Amino acid sequence: MKVIYPGSFDPVTNGHLDIIERCSKKFDGVIIAVLNNQGKKGLFTVEERIQLLKETTKDIPNVEIDSFSGLLVDYARKKGCSNIVRGLRAVSDFEYEMQMALVNRKIYEELDTFFMMSSPEHVFLSSSVVKEVASYRGRISCFVPKVVEDALINKFKGGI
Ligand code: PNS
């Protein structure tokens, strides 16, 4: 049984990698699906995010990296996979995640969303927080792998 792990991954953090690693042991395959949202420009392009995901997951078995645009349910149908996984950090994530899971299931009945609790050391971690710290030249080596740290430093080297 495969699972789709959708998200923005702008950029991938140690929190995402923890979920990917644990899912790769529980499922036969993990399809990491990067949202390609034309209307929402991220710090990294979708190609850059995919590249960083490729480099940081190269030692994790059963991982496939892809991108999608439009509705997640349409992508899931196209992939023939009706399992979604999302990481849950704190109660504050719950309302948004529950809404998404229920809407998705309403429009694609077979779709199930699995929630994986973040490991305690990643509960506070998000791509947004990492970008904020990096933009002020703060230390981010404890939040992201080296290759992502370098990419963030490079993004902000000319200033915010
Ligand atoms: O990492 P993120 O930004 O929390 O991921 C959110 C994501 C990509 C899972 C979500 O925004 C999504 O699935 N977008 C695709 C559009 C869609 O299907 N929207 C309906 C959900 S209610």
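Predicted model only: the values in this text are computed from it and were never measured. As the structure lists them, so they are numbered: ligands from 1, and atoms in each ligand from 1.
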- Which heavy atom of the protein is the closest neighbour of atom 3 (O) of ligand 1, given with residue, atom name and distance? Ser8 OG, 2.5 Å

- Message: Less than 3.5 Å apart, any donor N or O on the side chain of Tyr75 or Asp66 sitting next to an acceptor on the other?
- Response: yes

- Item | Sidechain N-carboxylate O distance under 4.0 Å for Arg22, Asp18 | yes

- Message: Can you give me the closest heavy-atom contact between Val30 and Ile20, atom names plus distance?
- Response: CG2-O, 4.3 Å

- Message: Could you check whether Glu47 and Gln51, counting side-chain N and O atoms only, form a donor-acceptor pair closer than 3.5 Å?
- Response: no

- Message: So, regarding Lys40 and ligand 1 (criterion: nitrogen or oxygen to nitrogen or oxygen, under 3.5 Å), is there a contact or not?
- Response: no

- Note on the structure: Looking at Asp93, Val73, Leu71, Thr113, the heavy atom closest to atom 17 (C) of ligand 1 belongs to Leu71

- Query: If you count the atoms of ligand 1 from 1 in the order shown, which ones are under 4.0 Å from a heavy atom of Leu72?
  - Reply: 13 (O), 17 (C), 18 (O)

- Per-atom filter on ligand 1: closer than 4.0 angstrom to a heavy atom of Asn104 are 21 (C)

- Message: Quick check: Tyr136 with Phe156 (ring centres under 6.0 Å apart)?
- Response: no

- Query: What about Arg86: any of its N or O atoms under 3.5 Å from an N or O on ligand 1?
  - Reply: yes

- Message: Between Thr13 and Gly15 (side chain of the first, backbone of the second, donor and acceptor by atom type, cut-off under 3.5 Å), is there such a pair?
- Response: yes

- Item | Within 45° cone of Phe124 ring axis and under 6.0 Å: Arg89 NZ or CZ | no

- Looking only at protein heavy atoms, identify the closest one to atom 14 (N) of ligand 1 and say how far it is in Å. Leu35 CD2, 4.0 Å

- Shortest protein heavy-atom distance from atom 15 (C) of ligand 1, along with the residue and atom involved: Gly70 O, 3.5 Å

- Under 4.0 Å from any heavy atom of Tyr96, which atoms of ligand 1 are there? 6 (C), 11 (O)

- So which heavy atom in the protein is nearest atom 21 (C) of ligand 1, and how far is it from that ligand atom? Met100 CG, 3.5 Å

